[in-house]
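For this chain, numbers begin at 1 and follow the sequence in order.
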Amino acid sequence: MKQTILFLLVASALFSCGEVEIDRYETSDNIYFDFDDEETTNRDSVVFSFAYTPEKTSDTVYLPIRISGLRVGHDRRFKVIVLDDSISTATPVLHYKPLEEFYIISADSGTLQVPVVLYNQDTLLQDKSVSLHFMLVPTEDFGTALPYGVYAKLVFSSRLEKPDWWAGVESVFMDYSRTKHQLYLISIGNIPLIMEGANIPYNLFIMDKFRRFLIDPFTWVQSNPDYQIDTIAEDQEYVLFSKANPTTLRFKIRWDNDAQRYYFIDENNSKVLFN
């Protein structure tokens with residue numbers, strides 16, 4: 001499933017960093033987080049979601065760094081730290097790869113993108129967001145004396161939210177659930193269904209394709225080798241899961257004697273229904 005990774009830079013409120021002991025250095029050059037673009041200023045935050053790439057077990061978000069001062073002909077080091085648990089709610093190793101001790105601004109360069117590797121292995125991220133709060137600290141090469149850009153925040157999850165287009169097709173898609181939404185994404189893709197004009201015939205085709213997948217995932221999986229179905233209870237219950245991310249991307253399938261067919265089961269332990 002090809003998806004475009006979307007992340008949104010948003011302005012955040014000022015936050016307290018508590019007491020952090022830092023070394024003092026004498027340097028005329030400073031370093032700062034630079035999230036600004038042509039349209040906005042004073043940004044210090046990133047919001048990221050695995051929701052539209054649930055098969056991924058990890059991804060990388062980049063924190064933009066810029067120097068205030070002169071470029072020089074040799075490498076220089078700077079330091080970023082994650083503020084402690086009283087502020088950051090993400091857990092190292094479980095939610096993200098711990099940061100390097102130092103990062104390097106190369107000779108004759110004034111910018112760098114600091115990679116922050118995030119992990120999609122905690123199923124609780126489907127229900128909540130966690131955060132990382134960063135702070136730049138002085139080194140022998142760079143100070144942090146500017147009145148802006150010392151702090152940054154990253155908020156991330158794998159939680160899906162009901163899309164705006166769902167209301168227009170609710171007579172067919174019926175009640176929203178995150179499980180149904182995920183099943184739509186893995187079988188169809190991130191395709192919004194806008195029931196207007198020339199879009200209608202194609203959208204009806206998409207709906208029928210999704211309906212056939214819900215009714216018979218066993219046939220679908222034969223053409224989608226990235227997924228697998230295993231038995232939980234013989235002839236009664238199965239699980240469809242992503243081979244790439246079997247921990248968080250898995251869906252229960254249960255036999256219904258009254259309907260004489262299988263149904264996916266959502267996060268509320270209810271049948272995933274579709275007209």
Subject >> P163 side chain reached by Y176 side chain, heavy atoms, under 4.5 Å >> reply: yes
Original post:
Minimum heavy-atom separation for I194 to N203, with atom names?
Top reply: O-ND2, 2.9 Å
Original post:
Do the side chains of F213 and I191 join up, straight or via other hydrophobic residues, at under 4.5 Å, putting them in one cluster?
Top reply: yes
**OP:** Ignoring hydrogens and angles, tell me if any N or O in the side chain of D75 forms a donor-acceptor pair with the backbone of A107 under 3.5 Å.
**Re:** yes
Original post:
Quick one: do I188 and I200 end up in the same hydrophobic cluster if we chain Ile, Leu, Val, Met, Phe, Trp and Tyr together by side-chain heavy atoms under 4.5 Å apart?
Top reply: yes
Original post:
Between S157 and S129, which heavy-atom pair has the shortest distance, and what is it?
Top reply: CB-OG, 3.6 Å
Subject >> Heavy-atom closest pair, residues S68 and L146 >> reply: CB-CD1, 3.8 Å
**OP:** Please test L193 against Y184 for side chain to side chain contact (heavy atoms under 4.5 Å, CB included), starting from the C-alpha separation and ending with a verdict.
**Re:** CA-CA 11 Å; L193 298 181; Y184 179 81; 3.5 Å; yes
Expected list for residues 264-275: side-chain donor-acceptor pairs under 3.5 angstrom, two or more places apart:
residue, atom, partner, partner atom, Å
D266, OD1, N268, N, 2.8
D266, OD1, N269, N, 3.2
D266, OD1, S270, N, 2.9
E267, OE1, T179, N, 3.0
E267, OE1, T179, OG1, 2.7
E267, OE2, R178, N, 2.9
N269, OD1, R254, NH2, 3.4
K271, NZ, D256, OD2, 3.1
N275, ND2, S171, O, 2.7

Subject >> Heavy-atom pair of closest approach, residues P201 and G197 >> reply: CD-O, 4.0 Å
**OP:** Nearest 0.5 Å please: distance from the CD1 atom of I65 over to the CZ atom of F33.
**Re:** 4.5 Å
**OP:** Verify side chain to side chain contact (heavy atoms under 4.5 Å, CB included) between M207 and F173, making sure each step is shown before the conclusion.
**Re:** CA-CA 8 Å; M207 289 179 184; F173 274 68; 4.0 Å; yes
Original post:
Can you list the steps and then say if M195 with L204 is a side chain to side chain contact (heavy atoms under 4.5 Å, CB included)?
Top reply: CA-CA 9 Å; M195 300 300 287; L204 292 174; 4.1 Å; yes
Original post:
Salt-bridged, D141 to R76, with N to O below 4.0 Å?
Top reply: no
**OP:** Decide, yes or no, whether a salt bridge links R77 with E101 under the criterion of side-chain N to carboxylate O below 4.0 Å.
**Re:** no
Original post:
Are there more than 12 heavy atoms of other residues, nucleotides or ligands under 6.0 Å from atom CG of D127?
Top reply: yes
Original post:
So which heavy atom on W220 is nearest to which on N224, and how close?
Top reply: O-ND2, 2.7 Å
Original post:
Excluding sequence neighbours, so at least two apart, what forms side-chain contact (heavy atoms from CB on, under 4.5 Å) with S131?
Top reply: T89, H133, V155
Original post:
Can you check whether F48 reaches D59 side chain to side chain, under 4.5 Å on heavy atoms?
Top reply: yes
**OP:** Could you list the residues that satisfy ring-ring contact (aromatic ring centres under 6.0 Å, His included) with F218, not counting sequence neighbours?
**Re:** Y238, Y262
**OP:** Measure the spacing between CG of L132 and CZ of F156 and express it to the nearest 0.5 Å.
**Re:** 5.0 Å
Original post:
Any side-chain heavy-atom pair from T248 and F50 closer than 4.5 angstrom?
Top reply: no
Original post:
Which residues pass the side-chain hydrogen bond (donor to acceptor under 3.5 Å, both in side chains) test with D108, sequence neighbours left out?
Top reply: none
Original post:
Quick one: does E55's side chain have a donor or acceptor within less than 3.5 Å of a partner on N245's backbone?
Top reply: no
Subject >> Separation of L63 CG from L99 CG (nearest 0.5 Å) >> reply: 8.0 Å
**OP:** Of all the heavy-atom pairs spanning Y227 and K243, show the shortest one and how long it is.
**Re:** O-CE, 3.8 Å
**OP:** Answer whether the closest heavy-atom distance between the side chains of Y62 and V114 falls below 4.5 Å.
**Re:** no
Original post:
Can you tell me how far the CD1 atom of I81 sits from the OG atom of S88, to the nearest 0.5 Å?
Top reply: 9.5 Å
**OP:** Could you check if a side-chain atom of T144 sits within less than 4.5 angstrom of a side-chain atom of V137, using non-hydrogen atoms only?
**Re:** no
Subject >> Whichever hydrophobic residues join I215 through chains of side-chain contacts under 4.5 Å >> reply: none
Subject >> Ion pair check, D216 and R212, cut-off under 4.0 Å >> reply: no
Subject >> Side chains of Y119 and V117 in contact at under 4.5 Å (non-hydrogen atoms) >> reply: yes
**OP:** Please collect all ring pair (Phe, Tyr, Trp, His ring centres under 6.0 Å) contacts where either partner lies in residues 85-113, sequence neighbours excluded, each pair once.
**Re:** F78-Y103
Original post:
What is the distance from atom CG of L83 to atom OH of Y151, rounded to the nearest 0.5 Å?
Top reply: 7.5 Å
**OP:** Let me know which of L112, D34, N30, I105 forms a side-chain contact (heavy atoms from CB on, under 4.5 Å) with R66.
**Re:** D34
Subject >> CA sep, side-chain torsions, deciding dist, call: F251, V239, side chain to side chain contact (heavy atoms under 4.5 Å, CB included) >> reply: CA-CA 5 Å; F251 308 94; V239 60; 5.8 Å; no
Subject >> Sub-4.5 Å side-chain heavy-atom contact between M135 and V150 >> reply: yes
**OP:** Inspect the surroundings of NZ in K162 and state if more than 12 heavy atoms from other residues, nucleotides or ligands are less than 6.0 Å away.
**Re:** yes
Subject >> Student check: side-chain heavy atoms of T247 and F241 closer than 4.5 Å >> reply: no
**OP:** Output yes when a side-chain donor or acceptor of W255 lies under 3.5 Å from a complementary backbone atom of Y263, and no otherwise.
**Re:** no
Original post:
Applying the 4.5 Å side-chain criterion to the ILVMFWY set and letting contacts propagate, would V93 and L118 be lumped into a single cluster?
Top reply: no
**OP:** Working to the nearest 0.5 Å, report the span between CG of L154 and CG of D44.
**Re:** 11.5 Å
Original post:
Do F142 and L70 share a hydrophobic cluster (ILVMFWY, side-chain heavy atoms under 4.5 Å, transitive)?
Top reply: no
